[in-house]
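The structure appears right after this line, and notes come after that.
Both backbone and side-chain heavy atoms feed into the values below; hydrogens, waters and symmetry mates do not. Owing to the predicted nature of the structure, the values given are computational and were not obtained by experimental measurement. Per chain, numbering begins at 1; letters A, B, ... match sequence-line order.
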Amino acid sequence: MNPEGSQKIFDVSEYDLAATLTSGQAFRWRFRDGGWESVVGSRWVRLRENKKTIIAETALPVSAWNWLRDYLRLDVDLPEIIATFPDDEPMRAAIKACRGLRLLRQNPWECLASFILSSTKQIVQIEQIVGLLCERFGQPVTVPTGHERVFAFPTFARLAQISDAELRACKMGFRAPYLLATAKMLVNKEVVLENLHRRPLDEARGELLKFPGVGNKIADCVLLFAFGFPTAFPVDVWVMKALRELYFPKRRVKLNRLQKFSQTHFGPNAGYAQQYLFHYVRKIL
DNA sequence: AACCAGGACACAA
DNA sequence: TTGTGTCATGGT
């Protein structure tokens, strides 16, 4: 393919790349030429899946692949996770419909910024906004010869010096001041994202809630998709629909009640269960 | 053409 | 604590 780059074959089982990369946890993966392309950190990468392998290809030489193993969480034993799900009808249906669905481990800042931009937006629109942001303010990364230009996710230091108007021009609307203020707080070290994964869940959530535009739902997304807290359970409109229609049919249950239910019912890997429900209801509704 | 989208926030009651 | 309007933009 590209003689300058590297290729690596990972042995995997129960890993559905398409489901994982399009399930609304990451917003920068695109399917092209038979593979999934994105930027992880500052590296362009293309992933293809065979029966029992994932083939990774980079544009630059790579000596160690732990950055990608970590991102894809290749060490996770999925059947072991699924075995902890509650044994009820909705979960059985979701598991059956989402074989191989995984959670990623994303960069905290990119994840936080992306989900600040996600509120009351459809996934396709979030992808568009994030795409514009990277294209306009991100550092260019090396791509295979002849490939279109690709950019890294912009740093918070870079975004902190961008005007409100420039951000709104990326179609993010009222979310622009939230993103800008968040970037500035990070520059000033009012909140530090590093090592947040070592803190207790509630403390880590408390730190994330300090950012403007971040409430419980977005905080839980970052806790789950970036910091790897296995019980974080973001409840958005889709998960709310899933919980209402699958667990409380024909009863008008309030969001607060659903959140309490989610914290007690889904076990030590509730976050994974949540992702299965999310992906499941979006397929059947 | 209405309705809705991986919400958060200020403000009522 | 629980409910309502508002914010910006575009897909379905």
- Message: Regarding V239(A), tell me which of base, sugar-phosphate or nothing describes its non-hydrogen contacts under 4.0 Å with the strands shown.
- Response: base
- Item | Check: V45(A) and R43(A) side chains under 4.5 Å, non-hydrogen atoms | no
- Of all the nucleotides listed (dA8(C), dA5(B), dG10(C)), which has the minimum atom distance to the side chain of R175(A)? dA8(C)
- Query: Taking only side-chain nitrogens and oxygens of R282(A), does any of them come within less than 4.0 Å of OP1 or OP2 of dG6(B)?
  - Reply: yes
- Message: Can you check the distance between dA8(C) and dC3(B), where both ends of the measurement are the C1' atom (answer in whole Å)?
- Response: 16 Å
- Query: For L117(A) and dG10(C), what is the distance between atoms CG and P respectively, to the nearest whole Å?
  - Reply: 14 Å
- If you look at every strand shown and take non-hydrogen atoms under 4.0 Å, does E127(A) touch a base, only sugar-phosphate, or nothing? nothing
- Regarding the side chain of F278(A), the nearest nucleotide among dG6(B), dG10(C), dA8(B) is dG6(B)
- Message: Between the side chains of E245(A) and K250(A), is the shortest nitrogen-to-carboxylate-oxygen separation below 4.0 Å, so that they form an ion pair?
- Response: no
- Message: Without decimals, in angstroms, what is the distance between I123(A) CD1 and dT9(C) C1'?
- Response: 16 Å
- Do F233(A) and F266(A) have their ring centres less than 6.0 Å from each other? yes
- Integer-rounded Å distance: dA8(B) C1' and M240(A) CE: 14 Å
- Query: Which of these nucleotides, dT9(C), dA8(B), dG6(B), is closest to any side-chain atom of I218(A)?
  - Reply: dA8(B)
- Query: With no angle test and no hydrogens, is the base of dT9(C) tied to the side chain of K121(A) by a donor-acceptor pair under 3.5 Å?
  - Reply: yes
- Task: With heavy atoms under 4.0 Å as the rule, sort F27(A) into base, sugar-phosphate or nothing.
- Result: nothing
- Residues forming a side chain to side chain donor-acceptor pair (under 3.5 Å) with W29(A), sequence neighbours excluded: Y71(A)
- Message: In whole Å, I'd like the distance from the CZ atom of F211(A) to the P atom of dC9(B).
- Response: 12 Å
- Task: Report yes if at least one side-chain N or O of N256(A) is closer than 4.0 Å to OP1 or OP2 of dT2(C); otherwise report no.
- Result: yes
- Report the distance from atom CZ of F174(A) to atom P of dG10(C), rounded to the nearest whole Å. 13 Å
- Message: Can a side-chain donor-acceptor contact be found between Q275(A) and S23(A) if the only test is distance below 3.5 angstrom?
- Response: yes
- Task: Could you tell me whether S23(A) contacts a base, only the sugar-phosphate backbone, or nothing, with contacts defined as non-hydrogen atoms closer than 4.0 Å?
- Result: base
- Taking atom types as they are modelled, is there a donor-acceptor pair under 3.5 Å from the base of dG6(B) to the side chain of Q274(A)? yes
- Taking the six-membered ring for Trp, are W67(A) and W65(A) parallel (under 30°), tilted (30 to 60°) or perpendicular (over 60°)? parallel
- Query: Starting at the 5' end of DNA chain B and moving along, which residue's nearest nucleotide shows up first, F115(A) or P212(A)?
  - Reply: F115(A)
- With heavy atoms under 4.0 Å as the rule, sort S118(A) into base, sugar-phosphate or nothing. sugar-phosphate
- Message: Rounding to an integer number of angstrom, what distance separates dT4(C) and dC4(B) when you compare their P atoms?
- Response: 15 Å
- On a whole-Å scale, what distance lies between the C1' atoms belonging to dT6(C) and dA5(B)? 16 Å
- Rounded to the Å, how far apart are M172(A) CE and dG10(C) C1'? 15 Å
- Message: Using a 6.0 Å cut-off, check whether atom CD of Q161(A) has over 12 heavy atoms from anything other than its own residue.
- Response: yes
- Give one of base, sugar-phosphate or nothing for G24(A), where a contact means two heavy atoms less than 4.0 Å apart. base
- Message: From CD1 of I116(A) over to C1' of dA8(B), roughly how many Å is that when rounded to an integer?
- Response: 11 Å
- Query: With respect to the side chain of Q25(A), which nucleotide from dG6(B), dA5(B), dA8(C) is positioned closest?
  - Reply: dG6(B)
- Task: On DNA chain C, check which nucleotide each of S119(A) and Q122(A) is closest to and give me the residue with the more 5' one.
- Result: S119(A)
- Item | Check: dG6(B) base within 3.5 Å donor-acceptor of Q125(A) side chain | no
- Under 4.0 Å: is that the gap between some side-chain N or O of K217(A) and OP1 or OP2 of dA5(B)? no
- Distance, rounded to the nearest Å, where I126(A) contributes CD1 and dG11(C) contributes P: 13 Å
